[in-house]
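Values below: all heavy atoms of this structure, side chains included; hydrogens, waters and symmetry mates excluded. Counting from 1, the numbers follow the sequence of the chain as shown.
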Amino acid sequence: MVKEAYGFAIPPIVLGVLALGFGWYWAAGVLIFLGLFVFYFFRDPERKIPTDPLGIVSPADGRVVVIVDEMLDGKMGHRISIFLSIWNVHVQRSPVEGRIANVVYRPGRFYGAFRGKASTENEQNVIYIHTAKGPLVFKQIAGAIARRVICWKREGQIVALGERVGLIRFGSRVDVWLPLDTEVAVKRGETVKGGESILAKWNSTT
């Protein structure tokens with residue numbers, strides 16, 4: 001369980017218990033259900049991290065909605081977008097082992113996370129990771145419901161493959177940008193698990 005859950009879940013549960021004492025059963029049911037759902041939303045299960053030295057894992061749970069080649073910071077690469085519904089685990093994990101080169105917060109809009117313009121126009125954290133095999137960038141992107149992107153890591157920190165790096169609250173999107181010489185291993189429409197599913201692989205000659 002992510003510790004942020006308690007601040008959101010306990011108040012409605014307490015109010016629900018008080019409502020029960022006053023005989024307000026309908027209100028009590030709604031409040032207690034809301035509190036329990038928040039606990040469910042903030043769950044943080046352990047994952048079996050792959051041992052493939054060339055593997056690049058998904059940073060998030062969700063469904064692959066876009067695979068496209070596009071420019072980022074003047075370089076061409078592969079962009080994989082993953083849509084997270086409110087039912088998915090919302091803890092993000094590092095796709096690779098490496099060093100956090102930069103974390104850039106970009107304020108923006110709150111379009112539905114499934115829309116293409118969300119990748120460039122929504123509020124987001126852009127996380128740059130340098131690895132021995134090459135650079136990788138991924139974005140925590142807010143959506144119409146998710147209006148808070150949280151990164152727990154800072155510039156200069158070393159992260160392991162599949163290590164927890166942040167959280168997006170209540171439905172969102174994660175984009176991953178990979179160098180062109182990586183091999184994409186997923187297809188559009190595929191369901192992936194953060195820290196466990198292999199999204200792509202580094203070139204074995206790198």
Side-chain angles (χ1 to χ4, degrees), residues 2 44 46-62 64-84 89-108 113 118-142 146 148-169 172-186 190 192-206:
V2 178
D44 183 17
E46 295 296 330
R47 292 290 162 80
K48 185 177 180 180
I49 310 301
T51 57
D52 187 342
L54 300 177
I56 299 169
V57 300
S58 175
D61 285 25
V64 177
V65 293
V66 175
I67 300 174
V68 66
D69 290 352
E70 69 176 23
M71 299 285 286
L72 179 69
D73 298 335
K75 296 180 180 179
M76 182 62 74
H78 309 298
R79 193 243 300 174
I80 302 174
S81 295
I82 301 164
F83 174 72
L84 292 73
V89 172
H90 273 63
V91 173
Q92 285 78 61
R93 293 170 176 266
S94 178
V96 290
E97 177 184 4
R99 178 178 62 84
I100 303 291
N102 203 0
V103 179
V104 180
Y105 169 73
R106 294 178 180 169
S119 289
T120 55
E121 298 186 31
N122 278 22
E123 176 178 314
Q124 57 193 255
N125 281 324
V126 186
I127 303 168
Y128 295 80
I129 304 180
H130 284 179
T131 81
K133 296 180 175 65
L136 180 144
V137 182
F138 77 98
K139 300 179 180 182
Q140 298 174 291
I141 302 172
R148 184 75 191 275
V149 287
I150 303 166
C151 182
W152 299 323
K153 301 298 182 182
R154 296 293 179 265
E155 180 180 344
Q157 288 187 282
I158 302 299
V159 289
L161 179 71
E163 182 177 343
R164 296 169 175 86
V165 296
L167 173 74
I168 311 176
R169 293 179 186 164
S172 47
R173 177 182 179 129
V174 172
D175 283 1
V176 185
W177 182 91
L178 307 161
L180 271 181
D181 61 352
T182 55
E183 178 185 353
V184 176
V186 291
E190 191 170 333
V192 292
K193 285 187 175 183
E196 189 167 309
S197 301
I198 292 182
L199 282 188
K201 292 190 175 184
W202 295 107
N203 189 319
S204 60
T205 60
T206 302

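- Side-chain atoms of R93 do not come within 3.5 Å of backbone N or O of G195 as any donor-acceptor pair.
- Using a distance-only test at 3.5 Å, with no hydrogens or angles considered, no donor-acceptor pair links the side chain of D61 to the main chain of K193.
- Proximity of V64 to I80: side-chain heavy atoms (C-beta onward) are separated by under 4.5 Å at one or more points.
- Across all non-hydrogen atoms, the minimal contact from S172 to I168 is CB-CG2, 3.3 Å.
- Shortest non-hydrogen contact noted between H90 and L167 is O-CD1, 3.2 Å.
- Considering CD1 of I127 and CZ of F138, their distance stands at 3.5 Å, rounded to 0.5 Å.
- A heavy-atom distance below 4.5 Å is not found between the side chains of T182 and N203.
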Q124 and Q140: CA distance, side-chain angles, deciding distance, side chain to side chain donor-acceptor pair (under 3.5 Å) verdict = CA-CA 5 Å; Q124 57 193 255; Q140 298 174 291; over 6 Å; no

Please test I67 against V184 for side-chain contact (heavy atoms from CB on, under 4.5 Å), starting from the C-alpha separation and ending with a verdict.
-> CA-CA 9 Å; I67 300 174; V184 176; 4.3 Å; yes

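- P50 and L161 make their closest contact through O-CD2, 3.6 Å (heavy atoms, listed as atom of the first residue, atom of the second, distance).
- Two residues are said to be in side-chain contact when any heavy atoms from C-beta on lie closer than 4.5 Å; F83 and I141 fail this criterion.
- Rounding to the nearest 0.5 Å gives a distance of 4.0 Å between OG1 of T131 and CH2 of W202.
- Across all non-hydrogen atoms, the minimal contact from V149 to A142 is CG1-N, 3.7 Å.
- Proximity of P95 to S58: side-chain heavy atoms (C-beta onward) are nowhere separated by under 4.5 Å.
- Using a 4.5 Å heavy-atom cutoff, the side chains of V126 and V103 are not in contact.
- Using a cutoff of 4.0 Å between basic side-chain nitrogens and carboxylate oxygens, D69 and R79 are not scored as salt-bridged.
- The shortest heavy-atom contact between I198 and V186 is O-CG1, 3.5 Å.
- Side-chain atoms of Q92 never come within 3.5 Å of backbone atoms of A60 as a donor-acceptor pair (strictly under, hydrogens ignored).
- The shortest distance between side-chain heavy atoms of K139 and W177 does not fall below 4.5 Å.
- Taking CG of L199 as the start and CG of L178 as the end, the distance is 7.0 Å to the nearest 0.5 Å.
- Of the possible polar contacts, one joining the H78 side chain to the L180 backbone as a donor-acceptor pair under 3.5 Å is found.
- By the side chain to side chain contact (heavy atoms under 4.5 Å, CB included) test, E183 is found to be paired with no residue, residues two or more places apart in sequence or in another chain being considered.
- Crowding of E97 atom CD: a count of heavy atoms from other residues, nucleotides or ligands under 6.0 Å not exceeding 12.
- With a 4.5 Å cut-off on side-chain heavy atoms, P135 and I129 do not count as touching.
- With respect to K75 and E70, no salt bridge is recorded, no charged nitrogen being found less than 4.0 Å from a carboxylate O.
- Summarising the geometry, atom CD1 belonging to I56 is positioned 13.5 Å from atom OG belonging to S197; distances are rounded to the nearest 0.5 Å.
- Atom NZ of K153 sits in a crowded spot, with more than 12 heavy atoms from other residues, nucleotides or ligands closer than 6.0 Å.
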Would E155 and Y128 count as a side chain to side chain donor-acceptor pair (under 3.5 Å) if you check the C-alpha gap in whole Å, the side-chain angles of each, and the deciding distance to 0.1 Å?
-> CA-CA 9 Å; E155 180 180 344; Y128 295 80; over 6 Å; no

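- Note that CG of L136 and OG of S94 are 7.5 Å apart. Values are rounded to the nearest 0.5 Å.
- In this structure, the separation between CG on L84 and CZ on R173 is 10.5 Å, given to the nearest 0.5 Å.
- Taking every heavy atom of both residues into account, K201 and G55 meet most closely at CG-CA, 4.5 Å.
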